[in-house]
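Side chains are part of it too, since the values below use all heavy atoms of this structure and drop only hydrogens, waters and symmetry mates.
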Amino acid sequence: VQLQASGGGLVQTGGSLRLSCAASGRTFSDYSMAWFRQAPGKEREFVSGIRRGGGSTKYADSVKGRFTISRDTAKNTVELQMNSLKPEDTAVYYCAATSRGLISSTLSVENFYDYWGQGTQVTVSS
């Protein structure tokens, strides 16, 4: 499956952005999807994930209540609505996919994901 992330940009503190990840090549509904991010000088970290099928979700504590992940099976996209953005949200955001049968607690495990998009830059100014 090929993944194409988009929607990043520059926004002020408190603002919003909506990231989108378009998937192609295989049956989208068979894949659990996730967003990870990597800030300069830091390791890549989990942001949010959504299971295949029923679509239960998981969020990093740092984004709970501010970010919402969703998927549109008809459009083969997964989106990340980011509200109340903070400077510490500044990073390159990557979407990822896996056909493994993940449970919600394992959505955050980076090594379980087999496919990665190219990343989109999100910059939050203070």
Side-chain angles (χ1 to χ4, degrees):
V1 63
Q2 293 79 44
L3 304 175
Q4 180 73 37
S6 62
L10 174 63
V11 65
Q12 292 185 333
T13 296
S16 298
L17 282 174
R18 189 174 185 88
L19 304 184
S20 182
C21 178
S24 61
R26 299 294 293 270
T27 305
F28 179 67
S29 59
D30 290 344
Y31 289 80
S32 292
M33 307 289 294
W35 289 94
F36 289 77
R37 67 186 181 187
Q38 187 167 22
K42 295 187 177 181
E43 293 187 353
R44 191 157 55 187
E45 64 175 2
F46 171 78
V47 176
S48 181
I50 185 166
R51 289 185 64 207
R52 66 185 187 185
S56 57
T57 59
K58 180 180 173 70
Y59 296 90
D61 289 343
S62 59
V63 307
K64 275 181 186 175
R66 299 188 298 122
F67 290 11
T68 303
I69 191 170
S70 61
R71 66 191 301 159
D72 187 329
T73 303
K75 296 181 179 179
N76 279 11
T77 59
V78 61
E79 298 187 332
L80 186 68
Q81 177 66 43
M82 305 187 297
N83 298 328
S84 302
L85 283 162
K86 306 174 181 180
E88 50 263 45
D89 294 318
T90 295
V92 177
Y93 283 70
Y94 298 90
C95 62
T98 180
S99 60
R100 300 170 194 250
L102 301 183
I103 57 176
S104 295
S105 62
T106 57
L107 283 170
S108 57
V109 180
E110 183 175 339
N111 289 343
F112 285 169
Y113 290 88
D114 304 306
Y115 305 96
W116 293 82
Q118 85 288 4
T120 185
Q121 176 70 47
V122 171
T123 302
V124 185
S125 63
S126 57

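- Using modelled atom types, one side-chain atom of Q118 and one backbone atom of A5 make a donor-acceptor pair closer than 3.5 Å.
- The CE atom of M82 sits 11.0 Å away from the OG1 atom of T68 when rounded to the nearest 0.5 Å.
- The salt bridge (Lys or Arg N to Asp or Glu O under 4.0 Å) contacts involving residues 10-23 comprise R18-E79, where partners must be two or more places apart or lie in separate chains.
- Interatomic distance, CD1 of I50 versus OG of S32, reported as 9.0 Å (0.5 Å rounding).
- Residues passing the side chain to side chain donor-acceptor pair (under 3.5 Å) test with S99, sequence neighbours excluded: none.
- Closest of all the heavy-atom pairs between V92 and G119 is CG1-CA, 3.8 Å.
- Cluster annotation: V1 is connected to L80 through the hydrophobic network of ILVMFWY side chains, with a link wherever side-chain heavy atoms come within less than 4.5 Å.
- Taking CD from Q12 and CG from L85, the interatomic distance works out to 11.5 Å, rounded to the nearest 0.5 Å.
- Here the shortest heavy-atom pairing between A91 and A39 reads CB-N, 3.8 Å.
- Under the 4.5 angstrom side-chain criterion for Ile, Leu, Val, Met, Phe, Trp and Tyr, L10 has no cluster partners at all.
- Partners of S126 according to the side-chain contact (heavy atoms from CB on, under 4.5 Å) rule, which considers only residues two or more places apart in sequence or in another chain, are T13, P87.
- For residues 73-126, the disulfide bond (SG atoms under 2.5 Å apart) pairs, not counting sequence neighbours, are C21-C95.
- Sequence neighbours left out, the pairs with a member in residues 106-125 that pass salt bridge (Lys or Arg N to Asp or Glu O under 4.0 Å) are R44-E110, R100-D114.
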- [ ] Begin with the C-alpha distance, continue with both residues' side-chain angles, and end with the deciding distance and a verdict on side-chain contact (heavy atoms from CB on, under 4.5 Å) for Q81 and S70.
- [x] CA-CA 8 Å; Q81 177 66 43; S70 61; over 6 Å; no
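- Under the side-chain contact (heavy atoms from CB on, under 4.5 Å) criterion, A96 pairs with F36, Y113, W116, not counting sequence neighbours.
- Note that CG of L107 is 8.0 Å distant from CD1 of I69, once rounded to the nearest 0.5 Å.
- Applying the ring pair (Phe, Tyr, Trp, His ring centres under 6.0 Å) rule to pairs touching residues 58-112 yields nothing, sequence neighbours excluded.
- Screening residues 3-14 for salt bridge (Lys or Arg N to Asp or Glu O under 4.0 Å), with sequence neighbours left out, gives no hits.
- Taking Q2 as the reference, S24 meet the side-chain contact (heavy atoms from CB on, under 4.5 Å) condition, with sequence neighbours excluded.
- Taking every heavy atom of both residues into account, G7 and L17 meet most closely at O-CD2, 3.9 Å.
- T90 has its side chain within reach of Q121: a pair of non-hydrogen atoms, C-beta onward, lies under 4.5 Å apart.
- Between atom OG1 of residue T73 and atom CZ of residue R52 there is a gap of 13.0 Å, rounded to the nearest 0.5 Å.
- One distance of note links OG1 of T120 with CH2 of W35; it measures 7.0 Å at 0.5 Å rounding.
- For the pair L3 and A97, the tightest heavy-atom approach, listed with the atom from each and the gap, is CD1-N, 3.8 Å.
- Judged as a side-chain contact (heavy atoms from CB on, under 4.5 Å), and not counting sequence neighbours, the contacts of E45 are R37.
- The salt bridge (Lys or Arg N to Asp or Glu O under 4.0 Å) contacts involving residues 62-73 comprise D61-K64, R66-D89, where partners must be two or more places apart or lie in separate chains.
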